[in-house]
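What follows is a set of notes on a single structure, which appears directly below.
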Amino acid sequence: MSKMSITFDGFSDLADAVDKSGADLKKAVDDALSQTQQLIEDNLVTAADVYAHKGLKGYATGAMYKTIIKDSKVEWLGSVASVDAGFKLREKGGFHSIFVMYGTPRIAKDVKLYNAIKGTKTQKEIAELQQKVMSEYVNINRR
């Protein structure tokens, strides 16, 4: 499981703009993080599809696929917000995702699965998505 947070450069400036526009900053952050979790969930469902069915890839049981975190809620701890994304590591098959994503000395990592969460393209998509969502809150109140 990964804890996702706001990742783009210039967040503090945009947060000030959201606040000055009269929009609810907490709601804007909640929305940005919820959409971030949904993006990662969609990426994982696509990348881990090969593990969804018993008998595929020689060792797949479908357990890892079933541990993909779906519809996680944004959690606030003081003024810090985060959302769970990735796999439920404590459930059957979840811990296995670590070895599949990062590989072992004998088994190469699953690049598609790794890129679904940690890849450069995904990180760029997350930053753009979060910035877009936050900007929408500024623009809504300017109308």
Side-chain angles (χ1 to χ4, degrees), residues 1-53 56-142:
M1 166 177 41
S2 296
K3 290 273 189 191
M4 301 305 295
S5 57
I6 301 293
T7 58
F8 65 89
D9 291 333
F11 167 73
S12 57
D13 295 334
L14 193 52
D16 287 341
V18 169
D19 204 29
K20 287 177 184 174
S21 74
D24 185 358
L25 181 58
K26 184 176 180 186
K27 187 171 180 344
V29 170
D30 281 350
D31 194 17
L33 288 176
S34 293
Q35 290 189 36
T36 299
Q37 189 278 331
Q38 187 62 49
L39 174 74
I40 291 173
E41 178 186 329
D42 293 344
N43 286 352
L44 282 175
V45 166
T46 302
D49 184 56
V50 72
Y51 301 103
H53 310 288
L56 293 178
K57 291 284 273 189
Y59 55 88
T61 64
M64 184 180 79
Y65 186 82
K66 293 174 187 168
T67 65
I68 294 173
I69 295 173
K70 298 184 189 306
D71 301 323
S72 181
K73 303 296 180 214
V74 176
E75 297 173 5
W76 285 85
L77 185 59
S79 62
V80 178
S82 64
V83 67
D84 293 336
F87 296 94
K88 300 173 198 163
L89 299 180
R90 295 183 186 260
E91 290 186 12
K92 180 183 177 188
F95 192 69
H96 178 71
S97 66
I98 295 170
F99 299 106
V100 175
M101 276 183 61
Y102 293 100
T104 68
R106 295 183 182 179
I107 301 172
K109 72 179 181 180
D110 185 324
V111 177
K112 288 181 183 179
L113 203 60
Y114 178 85
N115 287 341
I117 300 175
K118 302 281 187 182
T120 304
K121 180 182 172 198
T122 300
Q123 295 303 313
K124 184 178 178 185
E125 288 175 351
I126 289 170
E128 290 171 356
L129 173 72
Q130 290 175 347
Q131 194 167 13
K132 179 182 165 238
V133 170
M134 297 288 290
S135 295
E136 287 173 359
Y137 276 85
V138 174
N139 295 333
I140 286 172
N141 284 357
R142 286 187 180 168

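Computed from a predicted structure; not experimentally measured. Heavy-atom basis, side chains included; hydrogens, waters and symmetry copies ignored.
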Who passes side chain to side chain contact (heavy atoms under 4.5 Å, CB included) against T36, sequence neighbours left out?
-> M4, I40, I126, L129, Q130
Could you give the distance from OG1 (T67) to CD1 (I69), rounded to the nearest 0.5 Å?
-> 8.0 Å
Report, as yes or no, whether the 6.0 Å neighbourhood of atom NZ on K27 holds more than 12 heavy atoms from other residues, nucleotides or ligands.
-> no
Measuring from K132:NZ to F8:CZ, what's the distance to the nearest 0.5 Å?
-> 13.0 Å
List the atom of M64, the atom of L113, and the distance in Å for their closest heavy-atom pair.
-> CE-CD2, 3.8 Å
Residue pairs fulfilling salt bridge (charged side-chain N to carboxylate O under 4.0 Å, His left out) with at least one residue in residues 6-22, sequence neighbours excluded = none
4.5 Å side-chain heavy-atom contact, K70 and V45 | yes
Contact check, side chains of L25 and M134, non-hydrogen atoms, under 4.5 Å = yes
Closest heavy-atom contact between Y65 and A48?
-> CD1-O, 3.3 Å
Taking side chain as C-beta onward, heavy atoms only, is Q35 less than 4.5 Å from D31?
-> yes
Kindly write out the residues that satisfy side chain to side chain contact (heavy atoms under 4.5 Å, CB included) with D30, not counting sequence neighbours, or none if the list is empty.
-> K26, V74, W76
Please confirm whether the backbone N or O of I68 pairs with a side-chain atom of E41, one donor and one acceptor, at under 3.5 Å?
-> no
So OG1 of T122 and CG of L39: to nearest 0.5 Å the spacing works out to 6.5 Å
Hey, mind stepping through K3 and E75 against salt bridge (Lys or Arg N to Asp or Glu O under 4.0 Å) and telling me if it holds?
-> CA-CA 10 Å; K3 290 273 189 191; E75 297 173 5; 3.3 Å; yes
Donor-acceptor contact below 3.5 Å, side chain S72 vs main chain A85 | no
Step by step, work out the side chain to side chain contact (heavy atoms under 4.5 Å, CB included) result for T104 and K109.
-> CA-CA 7 Å; T104 68; K109 72 179 181 180; over 6 Å; no
What heavy-atom pair brings L44 and A116 nearest, and what distance separates the two atoms?
-> CD2-CB, 3.8 Å
Separation between CD (Q37) and CG (D42), nearest 0.5 Å, reads 8.5 Å
Gap between atom OG of S97 and atom CG of L89 - 0.5 Å precision = 5.0 Å
Check whether more than 12 heavy atoms from other residues, nucleotides or ligands sit under 6.0 Å from atom NZ of K88, and answer yes or no.
-> yes
So with a 6.0 Å cut-off around NZ of K92, is the heavy-atom count from everything else above 12?
-> no
Rounded distance [0.5 Å steps], CD in Q123 versus CD1 in I117 | 9.5 Å
Closest approach of A81 and V29, non-hydrogen atoms and distance?
-> CB-CG1, 3.8 Å
